[in-house]
There are 2 protein chains.
Amino acid sequence: MTRAYDSSTKRTELVRAARDLFYRQGFHKTTLDNVAKSAGVPLGNVHYYFETKQSLAEAVIALHLTRLRETLASWEADGPQQSLQRMVRAPLGAVEAVIRFGCPHGSLCQELGKLEDSPLTEAGNQLLSASIDWAQKQLRALGWEEKKSRDVAEQLVASIQGTMLLAHTLGAPEMLVNQLGRVESWLEEEIQPRKERSLR
Amino acid sequence: MTRAYDSSTKRTELVRAARDLFYRQGFHKTTLDNVAKSAGVPLGNVHYYFETKQSLAEAVIALHLTRLRETLASWEADGPQQSLQRMVRAPLGAVEAVIRFGCPHGSLCQELGKLEDSPLTEAGNQLLSASIDWAQKQLRALGWEEKKSRDVAEQLVASIQGTMLLAHTLGAPEMLVNQLGRVESWLEEEIQPRKERSLR
DNA sequence: GTCTATAAATTGATAGAC
DNA sequence: GTCTATCAATTTATAGAC
């Protein structure tokens, strides 16, 4: 079955369960039995919907991508600057999860990036490039040139990702809040520089 | 055997091999057989030196920490500002590895951070906190106050980590070079602000 | 200390009944 | 389509000879 959208409840439920478990335990540590149990499906039945664990992972990434694109689009209502601010603040909407498990996209990319010649590696990088491209688009909408908008978009996503990694590793929610605030201030300054910048 | 330093060639060789494989393949994907073969030691012999895979991982982290502290100390010769510059530039000394496998510390922390109540999680976070603490020490040596030096040290390490994650995930060495250059510029500006900052 | 052989458990994947 | 039962391979860990 190769439909882009599958109405099968069990298939959908398997992908949802896998996405959750891959986030909380990592891809390699999660077994098909874990996924099956979490989805309320017998182990053997998993292979009716997904030939291999890898193809299940591909469906998980596709789900991540769909959700991500929806989320990014939903941030665009009030103009580019507001959009970027929402991106920076997004992790604050799930502080506890970020502290316990890190970034769902970033941690998955780390893990999949170490596979050799796997389609999963390629699929995974879309999760980060989608965010960078979107951030660049916002900066372009502010009238920025190609090169500078790309540079700042990359720096922005890197800062957010690095902040989540640190706060997760050190188990420090207050660091997440504080450092995302600093990223936000930095971004504001990039967009609207003041000649005499006062310390906040 | 609980010696801090063990002259046993085979034990040392096992830890070295494990460190390398954990970096290139990840912790969960690496089997004890992989480690044994890479170290030139029979599988069964691994358990003479390390009771469990976890205790082997603890030794790997201890090795990382020892090396990291040596490296950080080696950067301190020419004053705080030079020290921090060396930290930012450090990934440039291993571009290919960073692109293929990410940051040895960051990727390990991501993976170990998802274990539940494991001593490995606690051990892993020292890899990042050691870098933050060291960076803060350099800023303190520049006369900075406690709070601001902590904030900037965290932001610096987060930026470097995020940059490595992005460049690794997207397989983009030029991004690593370019963005680390931007981090360096940002850091210079933080340390020696110019009233009228010219675009570089 | 070092090694071979193998146990014990896990896990991705398959077969085949219903 | 759904499920049970199980295979085949892998992998952590142990036993015991040398």
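Within every chain, numbering begins at 1; the chains are lettered A, B, ... in the order of the sequence lines, protein sequences first and strands thereafter.
Applying the salt bridge (Lys or Arg N to Asp or Glu O under 4.0 Å) rule to B:Arg67 yields no partners; only residues at least two apart in sequence or on another chain are considered.
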Nucleotide N/O to protein N/O under 3.5 Å, stretch nucleotides 9-12 of chain D:
unit_1 : atom_1 : unit_2  : atom_2 : d
D:dT12 : OP1    : B:Lys53 : NZ     : 3.4
D:dT12 : OP2    : B:Leu32 : N      : 2.8

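Remark: P of C:dT4 and CG of B:Asn45 are 9 Å apart, rounded to the nearest angstrom. Rounding to whole angstrom units, OH of residue B:Tyr48 and C1' of D:dA15 are separated by 16 Å. Rounded to whole angstrom, the span from the NZ atom of A:Lys37 across to the C1' atom of C:dT10 amounts to 12 Å.
Counting only residues at least two apart or in different chains, side chain to side chain donor-acceptor pair (under 3.5 Å) contacts with residues 36-47 of chain B comprise B:Asp33-B:Lys37. Applying the ring-ring contact (aromatic ring centres under 6.0 Å, His included) test to every pair with at least one member in residues 70-110 of chain B, sequence neighbours left out, gives these pairs: B:Tyr23-B:Phe101, B:His64-B:His105, B:Trp75-B:Trp134. Within the structure, every pair that satisfies the salt bridge (charged side-chain N to carboxylate O under 4.0 Å, His left out) test and touches residues 79-100 of chain A, not counting sequence neighbours, is listed here: A:Asp78-A:Arg86, A:Arg89-A:Glu184. Applying the ring-ring contact (aromatic ring centres under 6.0 Å, His included) definition to pairs two or more places apart or across chains, none involves residues 155-175 of chain B.
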